Amino acid sequence: MSVERSLSTPHGPGRLVTDAAADPMATLLLSHGAGNGIETRDLDALAATLPAQGVSVVRLEQPWRVAGRRIATRPATLDDALLAAVEALADDGLPLVVGGRSAGARSAARCAVAAGAAGCLALAFPLHPPGRPERSRLPELLGAGVPTLLVQGERDPMGRPEEFPELMDGVEMCVVPGADHGLAVPARGAVSEAEAMEIVVESALEWLVREASGNGSRS
């Protein structure tokens with residue numbers, strides 16, 4: 001059962017939605033993208049599945065979304081809200097993994113070290129704006145400073161898997177066959193939507209268990 005609470009941030013109230021594990025080994029804090037909220041298929045799938053496997057999932061709805069705006073605010077404001085959420089979760093004492101989808105993945109990578117995170121889960125990382133590969137955001141991903149799992153759609157116009165370097169220090173990649181930037185797959189594609197979300201959840205869980213087991217509780 002999801003539990004909601006308001007979050008005070010420097011840019012207005014945000015919202016935290018928690019799906020808690022009964023006996024958690026880690027906390028996964030996820031933020032959404034620039035064009036949607038926390039109800040996307042990938043964030044929903046993680047929140048619905050991981051708590052039963054010992055990972056509490058906390059979804060952060062950014063203040064701009066809570067306020068009903070249609071356009072995301074500047075990247076620095078997203079980072080401020082994410083770090084406010086980290087502070088709000090500090091008392092749980094569990095290893096923390098920060099993550100998110102698209103703009104949320106960028107924010108998580110930028111904030112991972114400051115958050116004291118054990119890892120970073122980057123869903124549909126927007127490597128570049130559509131059609132603008134020269135405007136690469138790769139330094140953000142590679143600069144996370146913590147072990148990172150990148151989950152990328154095979155046909156994501158903001159960064160197909162082959163556009164990323166073959167070897168990225170500290171970054172593992174999981175490819176979702178046929179998926180676009182929203183990790184949606186064609187009706188007659190190689191995998192169904194349910195199978196695509198299974199790939200997302202199973203890859204995240206295997207990686208989270210590995211990373212959480214190697215990191216102690218937060219002090």
Side-chain angles (χ1 to χ4, degrees), residues 28-38 40-46 59-60 62 64-65 71-83 97-115 117 119-186 189-191 193 196-197 199-204 206-208 211:
L28 174 61
L29 173 61
L30 296 168
S31 189
H32 55 82
N36 45 44
I38 61 172
T40 54
R41 58 175 61 81
D42 46 359
L43 302 188
D44 271 349
L46 292 166
R59 287 174 286 173
L60 163 64
Q62 288 278 347
W64 67 268
R65 184 78 179 184
I71 299 176
T73 50
R74 294 178 295 105
T77 68
L78 308 184
D79 297 354
D80 288 341
L82 181 62
L83 291 174
V97 172
V98 293
R101 73 151 10 261
S102 196
R106 292 181 65 193
S107 181
R110 292 191 299 261
C111 294
V113 170
C120 176
L121 175 60
L123 304 163
F125 186 85
L127 182 63
H128 55 72
R132 301 293 301 275
E134 73 280 3
R135 294 180 58 186
S136 177
R137 296 158 179 154
L138 184 63
E140 286 184 348
L141 180 67
L142 298 182
V146 297
T148 299
L149 177 64
L150 171 65
V151 180
Q152 205 74 5
E154 184 180 35
R155 57 187 184 94
D156 189 336
M158 300 182 76
R160 296 185 306 279
E162 63 268 23
E163 294 183 84
F164 291 84
E166 193 167 321
L167 295 175
M168 295 182 285
D169 188 33
V171 180
E172 299 177 36
M173 182 188 293
C174 170
V175 177
V176 182
D180 62 13
H181 189 64
L183 297 179
V185 296
V191 298
E193 182 171 314
M197 290 303 99
I199 292 170
V200 173
V201 170
E202 289 175 7
S203 63
E206 188 277 333
W207 176 81
L208 282 162
E211 293 307 322

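Please read all numbers here as calculations on a predicted model, not as lab measurements. No hydrogens, no waters, no symmetry mates; every other heavy atom, side chains included, goes into these values.
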If you measure from [atom1] on [X] to [atom2] on [Y], what distance do you get to the nearest 0.5 Å?
X	Y	atom1	atom2	answer
M168	E166	CE	CD	10.0 Å
R41	L183	CZ	CG	7.5 Å
E211	T148	CD	OG1	9.0 Å
L208	L149	CG	CG	8.0 Å
R101	L46	CZ	CG	10.5 Å
R132	L127	CZ	CG	13.5 Å

So, for [X] and [Y], which heavy atoms are closest and what is the spacing to 0.1 Å?
X	Y	answer
P133	E163	CB-OE1, 4.2 Å
I38	D44	O-OD1, 3.9 Å
L43	G37	CD1-O, 4.4 Å
P186	G178	CD-O, 3.3 Å
A144	A112	O-CB, 3.7 Å
S107	D79	OG-OD1, 2.7 Å

Quick one, H181 with S102, criterion side chain to side chain donor-acceptor pair (under 3.5 Å). Give me CA distance, side-chain angles, the key distance, then yes/no. CA-CA 8 Å; H181 189 64; S102 196; 2.8 Å; yes
Donor-acceptor pair, distance only, cut-off 3.5 Å: does the side chain of [X] make one with the backbone of [Y]?
X	Y	result
N36	G33	yes
R135	H128	no
Q62	L78	yes

Evaluate the side-chain proximity of C111 to V98: yes if any heavy-atom separation is below 4.5 Å, no if none is. no
How about L142 and V171: do any of their side-chain heavy atoms sit closer than 4.5 Å? yes
For W64 and I71: C-alpha separation, side-chain torsions, deciding distance, then whether side-chain contact (heavy atoms from CB on, under 4.5 Å) applies. CA-CA 8 Å; W64 67 268; I71 299 176; 6.0 Å; no
Residue set satisfying side-chain hydrogen bond (donor to acceptor under 3.5 Å, both in side chains) with E202, at least two apart, ordered chain then number -> none
Those residues at least two apart in sequence (or on a different chain) that pass side-chain hydrogen bond (donor to acceptor under 3.5 Å, both in side chains) with T73 are T77
Tell me which one of D42, I199, L123 satisfies side-chain contact (heavy atoms from CB on, under 4.5 Å) with V151. L123
Counterpart residues, side-chain contact (heavy atoms from CB on, under 4.5 Å), relative to R137 (two or more places apart): R106, F125, P126, P129, E140, M158
